[in-house]
Number of protein chains: 2
Amino acid sequence: MKKEVIKTHSTCTGLIQPVSDALYVLSGKWKIPILISLTFGNKRFGQMAKEIPKITEKMLSKELRELELNQLVKRTVYDTIPVVVEYSLTEYGHSLDKLIFELATWGSEHRKRIIGK
Amino acid sequence: MKKEVIKTHSTCTGLIQPVSDALYVLSGKWKIPILISLTFGNKRFGQMAKEIPKITEKMLSKELRELELNQLVKRTVYDTIPVVVEYSLTEYGHSLDKLIFELATWGSEHRKRIIGK
DNA sequence: CCGGATCCAGCGCGATACTG
DNA sequence: CAGTATCGCGCTGGATCCGG
């Protein structure tokens with residue numbers, strides 16, 4: 001009788017890297033909340049600080065900079081007095097809309113199952 | 001003339017919590033790689049340790065336990081000598097398949113854009 | 001073969017205060 | 001209004017050794 005051989009091995013490990021890459025740009029406690037906030041329209045700095053529960057200005061600033069580096073977020077400075085800074089999703093940032101929405105859907109259904117915390 | 005009221009505000013903040021919940025059960029450096037590995041079939045402990053690049057046995061053990069707590073992974077012990085332990089995705093765990101696949105797709109397209117790291 | 005226990009380094013993240 | 005600077009703690013996660 002022949003031994004069964006699992007052939008899915010390489011397929012599996014091949015998926016890990018792309019997902020890790022995706023998670024890399026989304027890593028950080030506030031990345032997703034920030035992206036959600038911007039999904040619903042352009043926002044100013046102070047506006048986001050109020051809208052995202054518990055975030056500090058330091059964290060907002062830091063993670064916005066990282067998102068901008070990775071071209072998910074665009075920063076526009078209007079040279080008025082006082083200065084106005086507006087953040088928006090790039091077209092590329094909007095490519096995450098669907099993913100985030102599904103994450104939210106899954107999260108809603110999952111709430112009742114969460115054990116720890 | 002009536003003032004326009006932005007109604008998306010509450011929708012936005014309302015989305016943050018479910019997504020945070022979803023991310024909570026997936027938090028940890030190895031959760032997603034582990035889930036990917038199990039997506040392609042049931043696995044034994046040592047098998048996963050070899051299959052997931054760079055993971056240590058401690059981390060594998062710890063994160064598997066958390067995934068089991070949250071009912072995403074099922075652990076089956078076969079009472080042989082030496083003992084055999086098999087891990088598999090629960091039906092609920094498989095509800096993440098689509099999300100993970102999309103994350104991988106997005107990650108693949110995104111590779112060329114990643115700046116930092 | 002499948003882990004648990006312990007020790008410890010790094011840094012993510014929060015609190016607070018300051019600036020153009 | 002839109003950030004920066006500094007300090008320090010706690011938790012994540014790696015290394016190593018131990019056990020059924």
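In the text below, chain A, chain B and the rest are named by the order of the sequence lines, each starting its count at 1.
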- Task: Specify the separation, in whole Å, of atom CG of B/L60 and atom C1' of D/dG14.
- Result: 14 Å
- Task: For B/W30, enumerate each residue passing the side chain to side chain donor-acceptor pair (under 3.5 Å) test, keeping only those at least two apart in sequence or located in another chain.
- Result: none
- Note on the structure: Per atom distances to the A/K62 side chain, the nearest of C/dC2, C/dA5, C/dC13 is C/dC13
- Atom CD of B/Q47 and atom P of C/dC2: how far apart are they, to the nearest Å? 9 Å
- Message: Looking at C/dC1, I'd like to know if its phosphate oxygens (OP1 or OP2) sit under 4.0 Å from a side-chain N or O belonging to B/R44.
- Response: no
- Test salt bridge (Lys or Arg N to Asp or Glu O under 4.0 Å) on A/K31 and A/E66 and set out the steps. CA-CA 9 Å; A/K31 293 277 166 53; A/E66 294 170 5; 2.6 Å; yes
- Atom CD of A/E57 and atom C1' of C/dT19 are separated, to the nearest Å, by 12 Å
- Message: Test your reading of the model: is there a side-chain donor-acceptor pair from A/K74 to the backbone of A/Q71, 3.5 Å cut-off?
- Response: no
- Query: Does A/R65 put a side-chain nitrogen or oxygen below 4.0 Å from OP1 or OP2 of D/dG3?
  - Reply: no
- Query: Rounded to whole angstrom units, what separation is found between the CZ atom of A/R75 and the C1' atom of D/dA2?
  - Reply: 8 Å
- Query: If every non-hydrogen atom of B/A22 is compared with every non-hydrogen atom of A/W106, which pair is closest and at what distance?
  - Reply: CB-CE3, 3.7 Å
- Considering only D/dG3, D/dG13, C/dG3, which nucleotide approaches the side chain of A/S61 most closely? D/dG3
- Message: Is A/T56 close enough to C/dA15 that one of its side-chain N or O atoms is under 4.0 Å from OP1 or OP2 there?
- Response: no
- Task: Using whole Å, report how far CE of A/M48 lies from C1' of D/dC1.
- Result: 15 Å
- B/V83 or B/K54, whichever maps to the more 5' nucleotide of DNA chain D: B/K54
- Message: Expressed as a whole number of angstroms, how long is the span from B/K50:NZ to C/dG3:C1'?
- Response: 15 Å
- Task: Figure out the NZ/P separation between A/K58 and D/dC7, and round it to whole Å.
- Result: 12 Å
- Query: Which of these nucleotides, C/dG4, D/dG13, C/dG3, is closest to any side-chain atom of B/F45?
  - Reply: C/dG3
- Task: Indicate whether any N or O donor in one side chain lies under 3.5 Å from an N or O acceptor in the other, for B/D21 and B/Q17.
- Result: yes
- Is there a donor-acceptor pair closer than 3.5 Å between any side-chain N or O of B/S37 and the backbone N or O of B/P33? no
- Smallest separation among heavy atoms of A/V19 and B/I100, with atom names: CG2-O, 4.1 Å
- Query: Given atom CE of B/M59 and atom P of D/dG14, what is their separation to the nearest angstrom?
  - Reply: 6 Å
- How large an angle, rounded to 10°, do the end axes of the helix from C/dC1-D/dG20 to C/dG20-D/dC1 enclose when each is built from five base pairs? 50°
- Message: Heavy atoms only, 4.0 Å cut-off, all strands: where does A/Y87 land among base, sugar-phosphate and nothing?
- Response: sugar-phosphate
- Among C/dC2, C/dG14, D/dA2, which is the nearest nucleotide to the side chain of B/V85? C/dC2
